[in-house]
Number of protein chains: 2
Amino acid sequence: MNSKKVAEILDVSVDTLRYYERVGVIPPVTRDKNGYRNYQNNDLNWIFLAKSLRNAGMSVESMIEFATLAQSSGDVSAAQKEVLHEQLAQLDQKFAELEKTRNLLEYKIETYDDHLAKFKAGEMTADNADKLWQMPKFNPSAK
Amino acid sequence: MNSKKVAEILDVSVDTLRYYERVGVIPPVTRDKNGYRNYQNNDLNWIFLAKSLRNAGMSVESMIEFATLAQSSGDVSAAQKEVLHEQLAQLDQKFAELEKTRNLLEYKIETYDDHLAKFKAGEMTADNADKLWQMPKFNPSAK
DNA sequence: ACTTGCCCTGGTGTGCACTTCATGGTTTAT
DNA sequence: ATAAACCATGAAGTGCACACCAGGGCAAGT
């Protein structure tokens with residue numbers, strides 16, 4: 001499969017495909033006699049994984065680390081597996097952080113309704129506006 | 001509270017604090033007679049929110065939008081509230097995508113164990129290695 | 001033979017989110 | 001009164017992850 005088609009199917013730019021290969025996010029792609037890239041199924045898998053992890057916030061650098069391990073010869077299985085687990089752990093941490101932020105936003109929305117209600121009832125002044133709009137559990141010592 | 005202390009407590013750089021204020025991610029901070037910033041509780045709340053949303057992947061631009069709305073006079077309550085809800089929706093979408101990636105990673109780890117087991121049992125050759133290491137449900141038509 | 005439409009490489013450009021730098025002003029300690 | 005440790009601004013620099021471009025090669029159709 002040629003670059004253009006892969007780019008379409010996986011919704012990435014041709015430039016990104018070349019970039020990923022160049023820096024080592026994905027292993028080298030096989031070429032035809034003209035030096036044109038001919039993507040195999042396995043390459044698509046790599047690209048899909050790269051796309052997913054990038055989307056999840058993984059750095060290109062981390063992905064190079066994994067791809068490099070996957071390609072190196074010898075028994076690197078353990079190391080490679082560890083990297084996968086590590087990435088999973090990072091993902092889980094991201095989940096946790098995202099949830100905190102979600103809670104924060106929900107709290108903001110809640111107190112905002114409150115804020116609005118009081119405002120409409122004429123209880124809101126410049127004086128108390130600040131107090132009604134506080135951060136939830138912002139606790140410096142809890143860090 | 002001065003810049004340095006705020007930076008310490010909220011774990012951001014002083015430069016970032018200035019940057020956020022300059023571009024409008026947070027409202028202007030009150031100054032003392034020398035023009036030195038004197039952060040109030042409310043400012044800390046803003047910064048904490050900014051940090052959280054940035055961490056969750058929100059762009060600085062989106063945050064400027066919200067902060068600007070929050071400061072503008074007149075009845076912008078509806079618009080402001082809408083922005084909050086919008087950000088929450090974006091967060092939820094992010095959650096969904098993250099979960100997909102999590103599943104992918106877990107699948108990779110699973111099949112990796114499989115891969116390893118077969119390898120150790122001497123069933124793995126260069127021939128079948130690729131087939132054992134396929135992407136889960138990578139389905140071009142499902143897009 | 002020549003236009004069209006792919007492909008290649010190497011180098012430069014871009015946008016975002018800061019970060020660093022040069023220069024200088026103000027309180028606090030010695 | 002001089003150094004240390006804060007603070008300020010505006011401008012320029014940095015790193016990441018691509019995106020764009022110039023110059024050129026191959027292959028098929030008209």
Side-chain angles (χ1 to χ4, degrees), chain A residues 1-40 43-44 46-68 87 90 94 97 101, chain B residues 1-40 43-44 46-68 87 90 94 97 101:
Chain A
M1 200 182 302
N2 67 10
S3 317
K4 210 199 173 193
K5 203 154 189 195
V6 173
E8 268 171 33
I9 293 177
L10 293 183
D11 191 33
V12 288
S13 78
V14 173
D15 284 305
T16 300
L17 289 177
R18 285 201 274 257
Y19 169 71
Y20 279 178
E21 187 178 352
R22 190 162 53 77
V23 300
V25 161
I26 61 174
V29 174
T30 53
R31 310 296 186 105
D32 67 14
K33 60 187 166 175
N34 298 319
Y36 292 11
R37 286 172 185 81
N38 185 8
Y39 292 88
Q40 308 305 126
D43 295 318
L44 297 202
W46 271 102
I47 297 160
F48 186 73
L49 177 62
K51 230 196 98 182
S52 302
L53 292 180
R54 284 287 305 126
N55 194 327
M58 295 277 160
S59 75
V60 164
E61 202 188 338
S62 301
M63 286 172 357
I64 292 172
E65 196 192 337
F66 175 68
T68 306
Q87 308 229 355
Q90 276 179 40
K94 241 174 198 307
E97 275 165 23
T101 301
Chain B
M1 201 182 300
N2 67 9
S3 316
K4 210 199 171 192
K5 204 156 188 192
V6 173
E8 268 173 32
I9 293 176
L10 293 183
D11 192 33
V12 287
S13 79
V14 173
D15 288 301
T16 299
L17 289 178
R18 286 201 275 257
Y19 169 71
Y20 279 178
E21 186 179 351
R22 191 160 54 77
V23 299
V25 161
I26 62 173
V29 174
T30 53
R31 311 296 187 103
D32 67 14
K33 62 188 164 173
N34 299 316
Y36 291 13
R37 287 173 183 80
N38 185 7
Y39 292 87
Q40 308 306 127
D43 295 317
L44 298 201
W46 271 101
I47 296 159
F48 185 73
L49 177 63
K51 231 195 97 182
S52 303
L53 291 181
R54 284 288 303 126
N55 195 327
M58 295 276 160
S59 75
V60 163
E61 201 189 339
S62 302
M63 285 173 356
I64 292 172
E65 197 192 337
F66 175 68
T68 306
Q87 310 230 352
Q90 276 180 41
K94 241 173 198 306
E97 276 165 24
T101 301

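Just so it is clear, the model here is predicted, and its values are computed rather than measured. Naming: A, B, ... by sequence-line order, numbering from 1 per chain.
- Here B:Ser3 reaches the OP1 or OP2 of D:dA8: one of its side-chain N or O atoms lies under 4.0 Å away.
- Following rounding to the nearest Å, B:Ile26 (CD1) and C:dA17 (C1') show an atom-to-atom distance of 15 Å.
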request  = Begin with the C-alpha distance, continue with both residues' side-chain angles, and end with the deciding distance and a verdict on side-chain contact (heavy atoms from CB on, under 4.5 Å) for A:Lys51 and A:Thr16.
outcome  = CA-CA 10 Å; A:Lys51 230 196 98 182; A:Thr16 300; over 6 Å; no
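- Other residues, nucleotides and ligands contribute at most 12 non-hydrogen atoms within 6.0 Å of the CD atom of A:Glu61.
- Look at CE on B:Met58: it is 15 Å from P on C:dC18, rounded to the nearest Å.
- Atom-to-atom, CG of A:Leu17 to C1' of C:dC8 comes out at 14 Å; the value is rounded to the nearest Å.
- Side-chain proximity of A:Asp15 to D:dC7, D:dC21, C:dT19: nearest is D:dC21.
- Distance A:Tyr19 OH to C:dG11 C1': 15 Å, rounded to the nearest Å.
- Within 4.0 Å of B:Lys33, counting heavy atoms only, lie sugar-phosphate atoms of the nucleic acid but no base atom.
- Minimum atom distance to the side chain of B:Arg18 is reached by D:dT9, of the listed D:dT9, C:dT9, D:dA17.
- With C:dT9, D:dC26, C:dC18 as the candidates, the nucleotide lying closest to the side chain of A:Asn34 is D:dC26.
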task = Please lay out, stage by stage, how B:Arg37 and B:Val6 fare under the test side-chain contact (heavy atoms from CB on, under 4.5 Å).
result = CA-CA 11 Å; B:Arg37 287 173 183 80; B:Val6 173; over 6 Å; no
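- C:dC18 atom C1' lies 9 Å from atom CZ of B:Arg54, rounded to whole Å.
- Contact check, B:Arg31 against C:dT26: no side-chain N or O comes under 4.0 Å of OP1 or OP2.
- A straight line from OH of A:Tyr39 to C1' of C:dC8 spans 12 Å, rounded to a whole angstrom.
- Between A:Tyr39 and A:Leu17, some side-chain heavy-atom pair lies under the 4.5 Å cut-off.
- Of the candidates D:dA17, C:dC8, C:dT19, the closest approach to any side-chain atom of B:Thr16 belongs to C:dT19.
- Spacing between atom OH of A:Tyr36 and atom C1' of C:dT9 amounts to 12 Å, rounded to whole angstrom units.
- When the C1' atom of C:dT9 is taken as reference, atom CD of A:Glu21 falls 12 Å away, rounded to whole Å.
- Along DNA chain C, the nucleotide closest to B:Tyr20 and the one closest to A:Lys4 are compared, and the more 5′ of them pairs with A:Lys4.
- Between A:Val60 and A:Tyr19, the closest side-chain pair of non-hydrogen atoms falls below 4.5 Å.
- Listed candidates were D:dC18, C:dC7, C:dC8. Nearest to the side chain of A:Arg37 is C:dC8.
- Checking the phosphate oxygens (OP1, OP2) of D:dT9, no side-chain nitrogen or oxygen of B:Arg22 falls inside 4.0 Å.
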